[in-house]
Amino acid sequence: MPKMRYQQAVRLAMTEEMERDPNVFVCGEEVGQYQGTYRVTEGMLDKFGAKRVVDTPISEIGIAGLATGAAMAGLRPVAEFMTWSFALEAMDQLVNHAAKITYMSGGRIKCPVVFRGPAGVGTQLSAQHSQSMESWYAHAPGFKVVMPYSPQDAKGLLKTAIRDDSPVIFMEHAGLYGIQDEVSDDPDFCVPFGQAIVRREGKDCSLISYSRGVQMCLKAAETLSKDGIECEVIDLRTLVPLDMDTVVKSVNKTHRAVVAQEEWKNVSIGSEIAARIYEQAFDAMDAPIERVAGADVPMPYAKNLERAAIPTDTDVVAAVKRTLA
Amino acid sequence: MARTIAVNSREDHIKTEELQELYRLMLLIRRFEESVYQKFHENKIGGYLHRYDGQEALVAGVVPQLRLPGDYILCTYRDHAHALACGTSPRAVMAELMGRATGCAGGKGGSMHLIDPDRGFLGGDGIVGGPVPVALGVGFAIKYRGGNDVCVVYFGDGAMNQGGVHESMNMIGLYKLPVLFILENNQYAMGTAVSRSTGQPDFVMKAAAHGIKGEKVNGMDLFEVRSATRRALKHIRDKGESYFLEMSCYRFVGHGIGDDNTKAWTTYRSEQEVEEWKKKDPLLKFQAYLEEKGILDPAKIAKIEEQIHEEVMDAIQFAESSPEPPLDSLYDHVYS
Ligand SMILES: Cc1ncc(C[n+]2csc(CCOP(=O)(O)OP(=O)(O)O)c2C)c(N)n1
Ligand SMILES: [Mg+2]
């Protein structure tokens, strides 16, 4: 398998799907002539032309409406938000329209649209640009929510998203764009939704995460292993649908769990997963479930405060130790 | 006795001192921006960084015409110049850019979120179009309380394509609120030229569609900006209704530190185009005018350069020797 960056894997998924299906097109701010703000769509305008790589004004409501309406009329749009922070502008189109039209129509209308772009925190981008808000979308019935960690998953999950007949929220991580790994070049390779993957096996504690959170969990597991503590690291891959079977199976073995995420702690993915573990595997647990999350503050700019607001592998290590205390 | 000089518009007689102050302000902005670029590359400043080089007249021609505090200013993430023009000390601005406790937002905001409410500066906004709905509310509050203060809102050509901007302009036109719009038309929104972002590039006409009077201004000329602003402010203060100024200008550098570094800006505009606009440099043009009128000469210019250099160095020194915000302040200010 060829090695490529996460960012290239996303591009490859879109490119292959556009080659396969003439109804697939991409749109968004700076996706064409500028070659993509994060270079994700680099070269695509040249390859597919302006009909299928559509540069838009800075109009997120317009972008979301364009994609939603086009999907309702039979196309398969992949709309890019320059970052997920700017999708807040488009919340009504997303939540009240894209997510609901199938249900409101009694199933008579499909809305096969993918909204994608970088999410994640860091690099001193401060309050309005540095945040992770996956639980907002997971909260709204009608969306599938995908947050890949590896380049291989970025490709395989995006292909599944484009082929899915429901609206998919596809959140990449700007901090993962540069990581390189092997990625399948088989145009039929897809990663199904709702299947978590165990990235490291262990018997002492389950670390449950997704997106860049998986990186900090793997690092923490490495550190703890030196002390003889073996963690099992689960990468959820999709938050909706959520693969609780893999999680429950793991905690039945380890009897302890830490859920790790970059987003705020209050009313978050971690809250949901902890609640479901209690619902489905209460008797298996030997310690309270720990949650590692972003501090519940708008992201501060100053380096030291930002560092304090973003969770790290050290926080995961400490949380695991608390479950074992 | 202060000398008075008549410039292009009949009623504008500007005192020599004021001209010198305006020159000083524009030069400070230019040198400050150059220094922050340097500091970013020394890793002293993080996040995004958007410079105002080439657009100085939009601030120098407007902000000194305001009554601060009293009037209000809102602007975009391209906000260093606005803070300096409001009178926020270069020290407090530089310290904010370096994320220090002594910064104008205590290190919590950074480059895109400079703010100084004591001087009427309600801050830079990182969201394109974001300041305009806020200006609606500020304008509402001014009218509600009475008096003839004005809210000035700066936003970009790209921002004109935001839904919230048009909702707000409609309401500002409807309620007749004292808002002065300064559209910073620097020809591009990141890599997107105005002609590639709208089917109607006449921004003044768009304002008119919302019942707001306006005009186009050459934003590369300090005097034109200044006199248009004075007329607009008089209109707003007398009539209590808004006014729209579309100021054509050009950013001499990339959109932000990112495309500055990589020269990605060459993908959407030619070096030749940039050079053409640089010939109209508002700072150099103003300087040439002052020399021609005998207000400045090379020796005086060198002296002002020297003073500004010292001011910027002092700001840097102050910022670099200031402490980071205390760690236990992380949760401060989530609520009032
Ligand atoms: C709602 C929103 N969408 C996208 C962005 C990303 N972005 C930041 S600046 C910018 C270009 C804005 O151009 P313009 O309004 O012309 O202002 P300028 O930068 O030229 O001063 C974009 C797309 C953003 N900050 N907010
Ligand atoms: Mg612009």
Side-chain angles (χ1 to χ4, degrees), chain A residues 28-39 41-42 45 50 54-65 82-83 85-93 121-131 174 264 266 294-310, chain B residues 43-48 77 96-101 103 105-113 124-130 156-165 189-194 196-199 255 258-259 262 264-265 267-268 323-334:
Chain A
E29 294 158 23
E30 309 290 9
V31 295
Q33 187 187 299
Y34 192 76
Q35 309 299 322
T37 305
Y38 292 85
R39 293 289 179 272
T41 52
E42 188 166 25
L45 174 64
V54 182
D55 273 321
T56 69
I58 313 170
S59 304
E60 286 78 11
I61 300 174
I63 294 165
M82 190 178 279
T83 78
S85 286
F86 311 140
L88 289 177
E89 294 279 355
M91 267 303 182
D92 176 76
Q93 273 302 314
V121 299
T123 64
Q124 284 191 277
L125 294 183
S126 71
Q128 292 178 328
H129 287 72
S130 177
Q131 54 196 334
W264 293 304
N266 196 26
D296 285 317
V297 299
M299 189 62 74
Y301 167 76
K303 235 183 223 166
N304 65 331
L305 294 184
E306 187 196 48
R307 222 178 283 130
I310 298 176
Chain B
N43 244 329
K44 298 264 167 61
I45 297 174
Y48 290 144
Y77 40 84
E96 189 58 39
L97 298 184
M98 294 195 192
R100 305 305 168 113
K108 286 225 164 94
S111 163
M112 296 187 284
H113 306 296
D125 194 323
I127 299 304
V128 170
D157 47 282
M160 198 66 172
N161 303 315
Q162 277 285 321
V165 168
M190 279 184 65
T192 305
V194 171
R196 294 180 57 238
S197 73
T198 177
H255 166 74
D259 74 334
T262 58
W265 54 264
T267 63
Y268 57 85
E324 290 184 311
L327 270 183
D328 63 7
S329 69
L330 179 63
Y331 287 90
D332 292 351
H333 313 302
V334 176

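Reminder, nothing fancy here: chain letters follow the sequence lines and each chain counts from 1.
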Greatest number of heavy atom pairs closer than 4.5 Å to chain A - which of Ala159(B), Gly99(B), Gly129(B) = Gly99(B)
Option that, when pairs with chain A are counted at under 4.5 Å, heavy atom only, ranks first among Val334(B), Leu330(B), Ile45(B), Thr192(B) = Leu330(B)
Heavy-atom side-chain proximity of Met299(A) to Glu306(A) below 4.5 angstrom = yes
Closest heavy-atom pair, Tyr48(B) versus His129(A), reported as atoms and distance to 0.1 Å, is CE1-CD2, 3.6 Å
Considering non-hydrogen atoms only, spot the tightest contact between Pro325(B) and Gly107(B) and give its length.
-> CG-CA, 4.4 Å
Contact part of Glu60(A) toward chain B, heavy-atom cut-off under 4.5 Å: side chain, backbone, both or neither?
-> both
Using a cut-off of under 4.5 Å on heavy-atom pairs, state which of Ser130(A), Ser59(A), Pro300(A) scores highest against chain B.
-> Ser59(A)
Contacting moiety of Met160(B), where chain A heavy atoms sit under 4.5 Å | neither
Options Thr267(B), Thr198(B), Val165(B), Leu327(B), ranked by heavy-atom pairs under 4.5 Å with chain A, top entry | Leu327(B)
So, Ser85(A) versus Gln128(A): side-chain donor-acceptor pair below 3.5 Å or not?
-> no
Between Val54(A) and Val31(A) the two heavy atoms that sit nearest each other are O-CG2, 3.5 Å
Ile58(A) side, atom CD1; Met82(A) side, atom CE - distance, nearest 0.5 Å | 6.5 Å
Could you look at Thr123(A) and say if it's the side chain, the backbone, both or neither that has a heavy atom under 4.5 Å from chain B?
-> backbone
With only heavy atoms counted, which part of His113(B) is less than 4.5 Å from chain A, the side chain, the backbone, both or neither?
-> side chain
Answer with side chain, backbone, both or neither: which region of Asn304(A) has an atom nearer than 4.5 Å to a non-hydrogen atom of chain B?
-> both
Check whether Arg196(B) gets within reach of chain A through its side chain, its backbone, both or neither, counting any heavy atom under 4.5 Å.
-> side chain
Grab the two heavy atoms, one from Asp55(A) and one from Gln33(A), that are nearest each other, plus how far apart they are.
-> OD2-N, 3.0 Å
